[in-house]
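Just so you know, these numbers use all the heavy atoms, side chains as well, and skip hydrogens, waters and symmetry mates.
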Amino acid sequence: MITVSDKAKTKVEHLMREADLDPTYRLRASVAGGGCSGLSYKLDFDNEVKPMDQEFEDKGVRVVVDMKSFLYLAGTQLDFSDGLNGKGFFFDNPNASRTCGCGESFSV
């Protein structure tokens with residue numbers, strides 16, 4: 001499962017309203033090769049669920065993840081920070097053995 005913090009929930013809802021997305025849209029989390037640690041996180045809105053996707057709902061936020069990415073993201077919490085040390089979404093990923101300084105990439 002992928003969970004969502006209260007701050008991330010608030011920001012996701014704000015972004016969906018701002019983009020005028022209807023309720024069929026979900027937050028799609030995925031992992032791609034790249035970044036300084038080897039793998040990088042990606043977030044987007046998507047209104048399609050593919051046959052092998054995993055879908056979760058936490059605090060009213062629907063999150064969809066492709067099966068390959070789910071292997072890296074299982075147990076992860078999506079959070080949001082608006083502090084002085086960086087603003088944006090970040091992943092608290094228990095599967096990551098190493099992360100880069102900016103938190104946008106990781107390795108297992």
Side-chain angles (χ1 to χ4, degrees):
M1 178 164 184
I2 295 176
T3 58
V4 179
S5 73
D6 290 333
K7 277 188 157 185
K9 173 191 185 299
T10 301
K11 187 62 176 181
V12 167
E13 290 173 342
H14 170 78
L15 291 171
M16 287 184 76
R17 279 192 310 273
E18 194 173 77
D20 198 27
L21 298 177
D22 66 64
T24 64
Y25 279 83
R26 297 155 178 82
L27 185 65
R28 181 172 287 279
S30 60
V31 172
C36 52
S37 292
L39 297 167
S40 60
Y41 299 109
K42 183 177 178 188
L43 284 175
D44 206 350
F45 291 111
D46 193 351
N47 63 351
E48 286 186 40
V49 177
K50 297 171 182 83
M52 295 299 290
D53 283 345
Q54 301 294 306
E55 188 169 9
F56 308 97
E57 185 169 337
D58 187 39
K59 297 180 179 71
V61 176
R62 295 185 306 167
V63 181
V64 70
V65 183
D66 64 83
M67 187 55 100
K68 179 182 155 200
S69 296
F70 180 67
L71 297 174
Y72 297 107
L73 296 175
T76 295
Q77 181 179 47
L78 178 65
D79 204 349
F80 183 80
S81 173
D82 53 4
L84 296 174
N85 290 336
K87 184 175 187 174
F89 289 101
F90 65 93
F91 294 80
D92 183 9
N93 186 345
N95 306 302
S97 62
R98 183 173 56 120
T99 59
C100 67
C102 65
E104 292 180 12
S105 67
F106 69 103
S107 63
V108 288

| request: I would like to know whether L78 and V63 meet side-chain contact (heavy atoms from CB on, under 4.5 Å); could you show each step before the answer? | output: CA-CA 10 Å; L78 178 65; V63 181; 5.8 Å; no
| Do the side chains of L27 and F45 get nearer than 4.5 Å, heavy atoms only? | yes
| said: Hydrophobic clustering (ILVMFWY, side-chain heavy atoms < 4.5 Å, transitive) - are Y72 and V64 grouped together? | reply: no
| field | Note, F89 side chain near V12 side chain (heavy atom, < 4.5 Å) | value | yes
| task | With sequence neighbours excluded, give me every side-chain hydrogen bond (donor to acceptor under 3.5 Å, both in side chains) pair touching residues 58-67. | result | D66-S69
| said: Just so I know, are the side chains of Q77 and S5 near enough to count as touching, which here means a heavy-atom distance under 4.5 Å? | reply: yes
| task | Would you check if the side chain of R26 reaches a backbone N or O of V65 as a donor-acceptor pair within less than 3.5 Å? | result | no
| task | Could you tell me which non-hydrogen atom of E55 sits nearest to which non-hydrogen atom of V49, and how far apart they are? | result | OE1-CG2, 4.0 Å
| query | What is the distance from atom CG of D53 to atom CZ of F70, rounded to the nearest 0.5 Å? | reply | 11.5 Å
| request: Establish whether L43 and L21 are linked, either directly or via other cluster members, by ILVMFWY side-chain heavy-atom contacts under 4.5 Å. | output: yes
| task | Check whether F91 and M1 end up in the same hydrophobic cluster, where Ile, Leu, Val, Met, Phe, Trp and Tyr are linked by side-chain heavy atoms less than 4.5 Å apart. | result | yes
| request: List the atom of S40, the atom of G33, and the distance in Å for their closest heavy-atom pair. | output: OG-O, 4.3 Å
| note | d(D79 CG, D92 CG) to nearest 0.5 Å is 7.5 Å
| field | Check: K11 and K7 side chains under 4.5 Å, non-hydrogen atoms | value | no
| Quick one: are N95 and L73 in side-chain contact, heavy atoms under 4.5 Å? | no
| query | Do L39 and V31 come close enough that some side-chain heavy atom pair is under 4.5 Å? | reply | yes
